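The structure appears right after this line, and notes come after that.
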Amino acid sequence: MRVFVITGAGVSAESGIPTFRGKGGYWRNLDPAKLATPEAFARDPKLVWEWYCERRQRIRNAQPNAAHEAITKLANHAAEFLLVTQNVDDLHARAGLRAEKIVQIHGDIFGTRCSRCGFKEHNEECEEIPRCPKCDALMRPGVVWFGEQLPWNELQRIENYLDRGACDLVIVAGTTATFGYIIDWALRARAPNGELIEVNPEATPLSEFATQRIRESAAVALPKIVDQVITS
Ligand code: APR
């Protein structure tokens, strides 16, 4: 069986990580233009870093939930599997999903990269803003900010997986599918007689294309779906 899964912030919600646009979501109280753009970082790098450090700590204190574990179980069962997550947390990896099966399309919050030369390193320094060991410019969180390009290598990994054949099962869980590429990948992945299952308590722009809409939380729905797939 060939499987393709896309996840968003809703999958980490039951681990205590706020979503962006849902109830209590980050963007309900905070202005992304002040925190998640290159301009915001240029304007006030301290404010941006403090916010990412707070989020890193919150993720450090969180645990993967039953949704993350079910996705790992499905990956271990499927002949071919790829997860594209918009989440910058490491909960899928901490649920045992191998790195080669994960594409973090919006980056990794525990990564850092130079804001000038692009030098990358794994640096969880939060006392002060780290500086680039190569060019001494400020290091920034290794995430994709609004208005920025998606990482080329990660895009290639998705394209290569989709080019290698259609998928019997596509699951899209916990995302508002705000970005067109999320819907595009989901529709391109599904085989003509394949399933496209949306897991989300609320409707999204993807809902009309789904073959099944599960209006339940991810930690409740995904273990059931995966057990059904494995036993069928
Ligand atoms: N289980 C499943 N879905 C849930 C749950 C849950 N427990 N709780 C909330 N949801 C759903 C909400 O109904 C909403 O549709 O998850 C979705 C969360 O949507 P967003 O907050 O918009 O998060 P996401 O879709 O991942 O955002 C995409 O936007 O802000 C940028 O870069 C950021 O990666 C992020 C991207």
Side-chain angles (χ1 to χ4, degrees), residues 5-41 48 51-52 54-56 58-59 62-71 74 83-93 95 102-111 140-151 154-155 158 170-186 196-210 212-226:
V5 177
I6 299 176
T7 60
V11 166
S12 293
E14 290 156 284
S15 295
I17 312 293
T19 66
F20 293 92
R21 298 170 187 82
K23 199 159 145 298
Y26 282 122
W27 302 150
R28 292 286 182 100
N29 319 309
L30 302 167
D31 177 358
K34 290 208 177 65
L35 292 164
T37 64
E39 296 75 22
F41 186 73
V48 171
W51 186 56
Y52 279 91
E54 187 204 302
R55 290 178 61 192
R56 283 179 168 183
R58 201 171 193 152
I59 294 164
Q63 294 304 323
N65 63 56
H68 300 105
E69 281 144 20
I71 290 169
L74 180 59
L83 167 76
V84 174
T85 186
Q86 298 167 87
N87 300 345
V88 294
D89 64 51
D90 61 352
L91 297 178
H92 281 297
I102 305 175
V103 170
Q104 282 195 285
I105 197 64
H106 291 163
D108 166 11
I109 198 168
F110 295 107
R140 49 161 288 174
V143 300
V144 178
W145 281 329
F146 289 96
E148 294 190 316
Q149 299 284 326
L150 297 177
E154 301 307 304
L155 277 176
I158 298 171
V170 178
I171 299 176
V172 180
T175 179
T176 42
T178 305
F179 303 115
Y181 47 79
I182 297 298
I183 298 179
D184 173 55
W185 292 331
L196 171 47
I197 303 177
E198 179 183 56
V199 176
N200 193 322
E202 291 171 16
T204 75
L206 182 89
S207 303
E208 63 181 287
F209 304 106
Q212 291 183 53
R213 287 162 281 278
I214 315 274
R215 298 279 170 252
E216 286 180 332
S217 81
V220 171
L222 283 167
K224 288 192 283 187
I225 294 168
V226 170

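One-based numbering, in listed order, for ligands and for the atoms of each. Nothing here was measured: the structure is a model prediction, and the numbers come from that model.
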Exercise. Got a sec, which residues hit ring pair (Phe, Tyr, Trp, His ring centres under 6.0 Å) with F209, two or more places apart in sequence or on another chain?
Worked result: none

Exercise. Residues two or more places apart in sequence or in another chain: which of them pass ring pair (Phe, Tyr, Trp, His ring centres under 6.0 Å) with F110?
Worked result: none

For this session: Name the orientation class of the two ring planes belonging to H68 and H92 (parallel below 30°, tilted from 30 to 60°, perpendicular beyond 60°).
Result: perpendicular

Enumerate the pairs of nitrogen or oxygen atoms, one from ligand 1 and one from the protein, separated by less than 3.5 angstrom; state names and distance to 0.1 Å.
unit_1: ligand 1; atom_1: 1 (N); unit_2: A218; atom_2: N; d: 2.9
unit_1: ligand 1; atom_1: 7 (N); unit_2: E14; atom_2: OE1; d: 2.9
unit_1: ligand 1; atom_1: 13 (O); unit_2: N200; atom_2: OD1; d: 2.8
unit_1: ligand 1; atom_1: 15 (O); unit_2: N200; atom_2: ND2; d: 2.8
unit_1: ligand 1; atom_1: 16 (O); unit_2: G174; atom_2: O; d: 3.3
unit_1: ligand 1; atom_1: 21 (O); unit_2: F20; atom_2: N; d: 2.7
unit_1: ligand 1; atom_1: 21 (O); unit_2: R21; atom_2: N; d: 2.7
unit_1: ligand 1; atom_1: 22 (O); unit_2: R21; atom_2: NH1; d: 2.7
unit_1: ligand 1; atom_1: 22 (O); unit_2: T176; atom_2: OG1; d: 2.6
unit_1: ligand 1; atom_1: 25 (O); unit_2: T175; atom_2: OG1; d: 2.6
unit_1: ligand 1; atom_1: 25 (O); unit_2: T176; atom_2: N; d: 3.0
unit_1: ligand 1; atom_1: 25 (O); unit_2: T176; atom_2: OG1; d: 3.2
unit_1: ligand 1; atom_1: 26 (O); unit_2: A9; atom_2: N; d: 2.8
unit_1: ligand 1; atom_1: 27 (O); unit_2: R21; atom_2: NH1; d: 3.0
unit_1: ligand 1; atom_1: 29 (O); unit_2: R21; atom_2: NH1; d: 3.1
unit_1: ligand 1; atom_1: 29 (O); unit_2: R21; atom_2: NH2; d: 3.0
unit_1: ligand 1; atom_1: 30 (O); unit_2: R21; atom_2: NH2; d: 3.2
unit_1: ligand 1; atom_1: 30 (O); unit_2: W27; atom_2: NE1; d: 2.8
unit_1: ligand 1; atom_1: 32 (O); unit_2: H106; atom_2: ND1; d: 3.4
unit_1: ligand 1; atom_1: 34 (O); unit_2: Q86; atom_2: O; d: 3.2
unit_1: ligand 1; atom_1: 34 (O); unit_2: H106; atom_2: ND1; d: 2.8

For this session: Just say parallel, tilted or perpendicular for the rings of F41 and W145, cut-offs at 30° and 60°.
Result: tilted

Seminar exercise, completed: Scanning both residues in full, the closest heavy-atom pair of V144 with P151 reads CG2-CD, 3.7 Å

Exercise. Is there any salt bridge (Lys or Arg N to Asp or Glu O under 4.0 Å) pair reaching into residues 214-223, and which pairs are they, with sequence neighbours excluded?
Worked result: E198-R215, E216-K224

